Protein chains: 4
Amino acid sequence: MSVAKEKRSRIRDAIREGALQEFARNGLAGTSTQAIADAAGITKAQLHYYISSKEDLYQEILGHIFSEWRSLFFISSSGDDPETAIRDYIARKVRHALEHPEFSRLFVNEMARGAPEMAEHWDRLRAATEEASAVIRKWIAEGRIAPVDPLLFQIHMWAVTQHYAEYEVQTRVLMGVAPQAPLDAGRITEEVTQLFLIRCGLMQVERAA
Amino acid sequence: MSVAKEKRSRIRDAIREGALQEFARNGLAGTSTQAIADAAGITKAQLHYYISSKEDLYQEILGHIFSEWRSLFFISSSGDDPETAIRDYIARKVRHALEHPEFSRLFVNEMARGAPEMAEHWDRLRAATEEASAVIRKWIAEGRIAPVDPLLFQIHMWAVTQHYAEYEVQTRVLMGVAPQAPLDAGRITEEVTQLFLIRCGLMQVERAA
Amino acid sequence: MSVAKEKRSRIRDAIREGALQEFARNGLAGTSTQAIADAAGITKAQLHYYISSKEDLYQEILGHIFSEWRSLFFISSSGDDPETAIRDYIARKVRHALEHPEFSRLFVNEMARGAPEMAEHWDRLRAATEEASAVIRKWIAEGRIAPVDPLLFQIHMWAVTQHYAEYEVQTRVLMGVAPQAPLDAGRITEEVTQLFLIRCGLMQVERAA
Amino acid sequence: MSVAKEKRSRIRDAIREGALQEFARNGLAGTSTQAIADAAGITKAQLHYYISSKEDLYQEILGHIFSEWRSLFFISSSGDDPETAIRDYIARKVRHALEHPEFSRLFVNEMARGAPEMAEHWDRLRAATEEASAVIRKWIAEGRIAPVDPLLFQIHMWAVTQHYAEYEVQTRVLMGVAPQAPLDAGRITEEVTQLFLIRCGLMQVERAA
DNA sequence: GATGAATGAGGGTTCATTCAT
DNA sequence: TATGAATGAACCCTCATTCAT
């Protein structure tokens, strides 16, 4: 019984994983259930035994991504000092973008479609963002960082870090990194961190030569 | 004669426009020729009279985007001083992202697929980027801006400005702007400009309160 | 005026010629009006100005072939002696098969379809064949040739000679003749003639070695 | 299980049979998958579940015909005496032409197109023909038959017997046989056999009256 | 006459989903 | 559960023919 359950669970994971890859690559409409079944190593008929429809599977995965991101994608409101919070956030986010680019790709694809499936998630996103904005505003009020637009500051950090997932191919071309080789996470994290720490006065610009 | 030519030209434009919208929304595979025809206000058979195939139309539009971008998307190597060059670049790019978000959306979608149709364009992109990097390096060498990684500096400006096109829906939600209302281009341009000018020492951080 | 007429006539000939080639190659259903127009060196719209429909053009060509054949394809009932009549017939037919194989190909293709368009021609064909049979029967009655089945005798001459048009490709392969090089008409005519002359006692078998 | 397999096998046979009929009638280009599906008594979508493409199905059938013919269409090199070998060959071939005329029709249709799909079969055909030619040459050398051109002798036997399949409609008209009634196989076989036996001295011409 | 444009029907094929076993 | 088979709707595209200029 437990063995059967475990197998079922393994198949479900394989489906989620395969579907994520395929949806991220080709979008909802551009992905065939056959492709998902192949990626999961099962037959198409078997796939339809585990899912109710392609759309539902897509929805489920979107929700999955969303919940994973809530922990990852917002400046923590824990007691960290601003610099630590920002450094951690950027490092975490860059690492995630390089290791799991499919998440971002599926996400941006959904945005391109006008995010019809996201309606139910917007409230939670807005709330989490507002929470982080409050933290930033507090930092500003306490004189711990220079004044910034809290919302746009977050959006820009998000934008820059996401970019490495979404434009991986282009970044490889521009940085001269071969398809399979890893991108230089250190160089990226360093430069991104500087950009935002300097912006809010937590780091000084190097003197010009 | 001229009337006929004009009509033909109008139809061709309608096709390009409609196809751009649809491809940007649903990608190559996810877009049906019926949808393109509808968007262009013509019949499917008529569409196929004007194009040779969906793939070719896609390619043509991709090339179109690419050539438009060459003028828009790189820091000009003209004699501008660094601040003017950066300000202009960001303003131009933000405006474009807000007015023609489909361009970026089609582009990021193509990236997600691994950019199979871009092969022929990479060389030109790399060359243009390298040219801009040379300009930035010169600025650094001349002590006109603080040292930055020239390539990543460009990538990040690109990332932040593109973001407003790609994540328009989300941005609206977070900024509380209704679907049809315009986003606050001034606020965005201002904050983005500050981010990058401060980074390279061309603007000072406001003193914390 | 006469010049215009001549041009029109030239176009009509080009259409017939082109259509014959195409129909012979790909059959009625398998031939597109575009292909015919191309072969005739005109536009598709222009073609439809000259013909009323693809089917009608096909019919016309079939009739054309048929009338050309009436003179070619039956043993002449003129006063020739049997040997001359048979020799002439075979020589004429082999030459025609090698020079205008399209005729036979279109014909056999029509047969394969059940010859739905031939209905009106059958009577004339049967009459002509019967006429020739009468000649043969007379020859037999007069003791000028050995007894043969007059109808089958004709059918077999027809079959063997047609074959060189219909199976030209295969014959080339078997005889080792390159695609553009001419088939050995002399060898073929000689052997075919012997076959039928020997059959009706007008030529002796070579003694076995 | 076995029932399912049997059903599948029956469907496959129905497809092959239906496709053969349709292809023989209208050629590759002129045959629609709908027509094949109808002939096989299945839906178009079902057809495409069993075949990979129309072209592949055509190829498969062509190969099928070809392999069936290898045993049928060459003078056996077994120890038969010449007369038996020739008599058997003709009888076999006439029977086949009358019973399975579609084979020949598809074949001749393929020839008309220039036999683009036959490339891979030519070698085997040439080899088999050459083998039979060797047998005939041996017969001649041994004085068992009169000298003939071995290749053309084969071609002509082939031509005459094929004819009854390819021109069945015309033959019916000329012989006055109603569409469904059987052709007189005996009369045909007899006359064809005489033609070739007489040619090679294995039978005497009847004395003229 | 000639031609670019248009169109309704149909071409081959794929697909998400269901069904029977 | 799992899987071959089936299906109706769609998909991309071509075609014979007509129309307007």
Side-chain angles (χ1 to χ4, degrees), chain A residues 4-5 7-8 11 28-37 41-58, chain B residues 1-5 7-8 10-12 28-37 42-58, chain C residues 4-5 7-8 11 28-37 41-58, chain D residues 1-5 7-8 10-12 28-37 42-58:
Chain A
K5 261 191 190 172
K7 188 185 176 196
R8 218 162 28 191
I11 289 181
L28 171 56
T31 297
S32 69
T33 53
Q34 182 64 68
I36 297 171
I42 58 179
T43 64
K44 202 166 56 162
Q46 199 177 353
L47 172 66
H48 277 281
Y49 178 82
Y50 282 93
I51 69 174
S52 56
S53 80
K54 192 171 76 160
E55 264 78 12
D56 283 357
L57 175 58
Y58 183 80
Chain B
M1 187 79 79
S2 172
V3 172
K5 262 190 189 170
K7 188 185 174 196
R8 193 173 51 196
R10 236 181 308 123
I11 289 180
R12 264 180 224 287
L28 173 56
T31 297
S32 69
T33 52
Q34 181 65 69
I36 297 172
I42 58 179
T43 65
K44 202 168 56 161
Q46 198 177 353
L47 172 66
H48 279 284
Y49 177 79
Y50 282 92
I51 70 172
S52 55
S53 79
K54 192 174 75 159
E55 260 78 11
D56 281 0
L57 176 58
Y58 183 78
Chain C
K5 263 190 188 171
K7 189 184 174 197
R8 218 161 29 192
I11 289 181
L28 171 56
T31 297
S32 69
T33 54
Q34 182 65 67
I36 297 172
I42 57 179
T43 63
K44 202 167 56 163
Q46 199 177 354
L47 173 67
H48 278 282
Y49 177 81
Y50 282 92
I51 69 173
S52 55
S53 80
K54 191 171 78 160
E55 263 78 12
D56 282 358
L57 175 58
Y58 183 80
Chain D
M1 188 77 79
S2 173
V3 173
K5 261 189 188 170
K7 188 185 174 197
R8 195 173 51 194
R10 237 181 309 121
I11 288 181
R12 264 180 225 286
L28 172 56
T31 298
S32 68
T33 52
Q34 180 65 67
I36 297 172
I42 58 179
T43 64
K44 203 167 59 157
Q46 198 177 354
L47 172 66
H48 280 284
Y49 178 78
Y50 283 92
I51 69 173
S52 55
S53 78
K54 191 174 77 160
E55 259 80 11
D56 281 0
L57 176 58
Y58 183 79

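Below, chains carry the letters A, B, ... as their sequence lines are ordered, and counting in each starts from 1. If you're wondering where the values come from, they're calculated on a predicted model, not measured in any experiment.
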message = Without decimals, in angstroms, what is the distance between B/K7 NZ and E/dT3 P?
response = 20 Å
request  = Report yes if a side-chain nitrogen or oxygen of C/R8 is closer than 4.0 Å to either non-bridging phosphate oxygen (OP1 or OP2) of E/dG1; otherwise report no.
outcome  = yes
query = Separation of B/H48 atom NE2 from E/dA5 atom C1', in whole Å?
reply = 16 Å
note = Taken to the nearest whole Å, CD/B/Q34 to P/E/dA9 is 14 Å
query = Between C/I36 (CD1) and F/dA16 (C1'), how many Å, whole number?
reply = 11 Å
ask   = Can you check the B/L47 CG to E/dG8 P distance for me, whole Å?
value = 15 Å
query = Which listed nucleotide (E/dT3, E/dA6, E/dG11) is nearest to the side chain of B/Q46?
reply = E/dA6
query = Given atom NZ of B/K54 and atom C1' of F/dC13, what is their separation to the nearest angstrom?
reply = 12 Å
task = Check whether any side-chain N or O of D/Y49 sits under 4.0 Å from OP1 or OP2 of F/dA6, and answer yes or no.
result = no
Any C/T43 side-chain N or O less than 4.0 Å from OP1/OP2 of E/dA2 = no
key: Selection from F/dC13, F/dT17, E/dT13 that lies nearest to any side-chain heavy atom of C/T33   = F/dT17
query = Roughly, in whole Å, what's the span from CZ in B/R10 to P in E/dG4?
reply = 19 Å
key: Pairwise 5' ranking along DNA chain E for A/S52 and D/I51, keeping only the more 5' one   = D/I51
message = Does F/dA6 have its OP1 or OP2 closer than 4.0 Å to a side-chain nitrogen or oxygen of D/Y50?
response = yes
inquiry  = Between P on F/dA16 and CD1 on C/I42, what's the gap in Å once rounded to a whole number?
reply    = 14 Å
message = Is any side-chain heavy atom of D/Y50 closer than 4.5 Å to one of D/Q46?
response = yes
query = B/L47 and B/A37: which non-hydrogen atoms are nearest, and at how many Å?
reply = CD2-N, 4.1 Å
task = To the nearest 0.5 Å, tell me how far D/T33 OG1 sits from D/K44 NZ.
result = 5.0 Å
query = Of all the base pairs, Watson-Crick or G-U under 3.5 Å, which form stems of three or more consecutive pairs involving DNA chain F?
reply = E:2-21 with F:2-21
Side chain of C/I11 - closest among E/dA6, F/dC12, E/dA2 = E/dA2
request  = Would you indicate, yes or no, if E/dT14 has its OP1 or OP2 atom less than 4.0 angstrom from a side-chain nitrogen or oxygen of A/K44?
outcome  = no
task = Looking only at non-hydrogen atoms, find the nearest pair between B/A29 and A/G30 and report the distance.
result = CB-CA, 3.7 Å
note = Between C/L28 and C/K54 the two heavy atoms that sit nearest each other are O-NZ, 3.1 Å
ask   = Does a side-chain heavy-atom distance below 4.5 Å link D/I36 with D/L57?
value = yes
request  = Choose from E/dA5, F/dT14, F/dA5 the nucleotide whose nearest atom is closest to any side-chain atom of B/A45.
outcome  = F/dT14
